[in-house]
Amino acid sequence: MDISGVKPRANSAEDILASAAFRSDLDGLNRAILASLTAAGEPAVINGNVLYANNVETFETAGFSDIMAAKRGALVAMAQRSRAFVEVGVAGGHAVLLALHANPDLRVVGIDLAQRLRPFWPAVEVFVPAAAAWLEARFPDRFRLIKANAVDGLREVAQTRPIGAVDMLHLDGGKDGRMAELEAIWPALAPRAWLMQGDYAHGLVREATAEMIARGLARDVSDPTFPVLRDKRFRVVETGQAVPGESLRLPDFDGKRVLICTAHQDDEVLFAGGLLSEIAPRAEVTLACFFRPAPGRDDTATRMAAMARVCAALGVGHVQYPFAVEGRSRALRRFISLPSEPEELRARPRRALARHPLFALLSATAEGAMHLYAPDIVITHNEVGEYGHREHVLLHHAVRRAAARAGVRTLLTFGVGMAGAGLTITPDPEAKRALFAPYLPQWDGVARYEFALAPERFLRLPLFAVTAS
Ligand SMILES: C[S@@+](CC[C@H](N)C(=O)[O-])C[C@H]1O[C@@H](n2cnc3c(N)ncnc32)[C@H](O)[C@@H]1O
């Protein structure tokens, strides 16, 4: 079994290329391409692809290009381990045809702009629609073309999900937008998916791939049965929604700068006391707390000092920002709906959170902290506010925007209230209990929250490039 649970099939790329069924379809596809070019008065020339070299005249009679043999093998191996394939850059549909033959259960969406963006390009506006029409007629339930630029087409797939969760991706169109392309399809990706980067010789494609790996969005393939994973022209990596969560381990904190952004004094112990105890000796950790205590609490006057004592005990730095006051933003209800609320309440449109009076302030403050402390890793609240605390949700979004703007690559959220795998820390109960002590007797976290001494989970969020949400 492979990463997506699909059993690999045995046929090699060579077997498929030599088969009568493939030859017959290839002949039909090439005829359709040639007929369209001839009718348009264009030379019989198409883009390079998995079968033929670039701009070869009479490609249909040229042999299969040797330099693409490894890429064909990898494409077939991916197809045989997948169910739903999206390709950007369909051109003559040769990679699509090979994948469809490699796995009869595979369904494919192709995306191609089909416009000659450069004068020296072959007549893509002519032969791409013709090739796609032939494929759509030959494989009516298994192939369709979206004629659009890469990001728009991928967003459409992410919204409409025409083939379900996507577990195979071939990015083979433009070279300068691969990160944005991954971001566009991300919501529709399966937990684990194969990503083939075409044109890997191009510097921007290599850079984008390295950045995807650094951000935990992709990783090297671990399947030892997979054939060749890369050469000059292509590279296969694993991606998918589960990949970021699986990409961080405790040793990854060693020697790093960590900024933990919390709404209230005590959140640092409640959600991350065990993690902080683990990483404080091996990383440079700063706690930034964004709300001052609400007036009228038993511990209004003592909470900030209690947090300072916790940080001193842990050996981490801290900063308390003065701008926001806990419980003062009653209007938050109009901006944030919680999963725990009845459906009719949740369905009611809420105002854009970015328009909340505190949002810009919190976000700018968080971004300032990120520039000041230059963290490798940022940790904050999650999008459901753990147990449904709206100020946690507000801070989550403010920090998330700040992290995107500041170029942070690793953003973790607390796991309470969220599903999904991530880094799990099992705190020593007595050690964690001791961290709650400075807040006693006014605030007893252990008595108040049933998860207070339970294992702590941290989920890594997918952070793409500099485009803030
Ligand atoms: C090298 S060919 C693809 C070959 C094909 N994947 C194969 O192996 O058979 C590149 C294709 O990408 C398309 N393309 C280039 N830039 C694009 C973009 N920004 N969005 C969508 N398609 C694009 C071109 O129209 C062209 O058909």
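Remember, it's 1-based here, ligands and their atoms both numbered in the order they're listed.
Residue contacts with ligand 1: Asn49 is placed with no nitrogen or oxygen under 3.5 Å of a nitrogen or oxygen of the ligand (distance criterion only). Inclusion of Val50 in the set of residues having an N or O under 3.5 Å from an N or O of ligand 1 is warranted.
Annotation: atom 10 (C) of ligand 1 to nearest protein heavy atom, Asp172 O, 3.4 Å. Of all protein heavy atoms, the one lying nearest to atom 14 (N) of ligand 1 is Gly173 CA, 3.8 Å. The protein heavy atom nearest to atom 20 (N) of ligand 1 is Ala150 N, 2.9 Å.
If you number the atoms of ligand 1 from 1 as listed, the ones under 4.0 Å from a heavy atom of Glu87 come out as 6 (N). The Ala91 neighbourhood of ligand 1 comprises atoms 2 (S), 3 (C), 4 (C), 27 (O), with distances under 4.0 Å to a heavy atom of that residue.
Within the structure, ligand 1 has Val90 among the residues with a heavy atom less than 4.0 angstrom away. Heavy-atom separations between Ala148 and ligand 1 include at least one value shorter than 4.0 Å.
With contacts defined as side-chain heavy-atom distances shorter than 4.5 Å, the pair Asp141/Arg107 does not qualify. Side chains of Cys289 and Thr262 form a contact here, defined as non-hydrogen atoms less than 4.5 Å apart. Between Ser247 and Arg219 the shortest side-chain heavy-atom distance does not fall below 4.5 Å.
Partner of Thr209 under the side chain to side chain donor-acceptor pair (under 3.5 Å) criterion, chosen from Gln197, Arg178, Arg230, Arg235: Gln197.
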Requested in this report: Evaluate side-chain contact (heavy atoms from CB on, under 4.5 Å) for Phe139 paired with Asp25, printing each intermediate quantity in order.
Outcome: CA-CA 11 Å; Phe139 300 98; Asp25 276 346; 3.6 Å; yes
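For His392 and Tyr387, the ring centers sit closer than 6.0 Å to each other. Remark: aromatic rings of His389 and His264 are close, center separation under 6.0 Å.
In this comparison of Gly89, Gly48, Ala95, Ala114, the heavy atom closest to atom 5 (C) of ligand 1 sits on Gly89. When Asp112, Leu113, Val151 are checked for heavy-atom proximity to atom 26 (C) of ligand 1, Asp112 turns out nearest.
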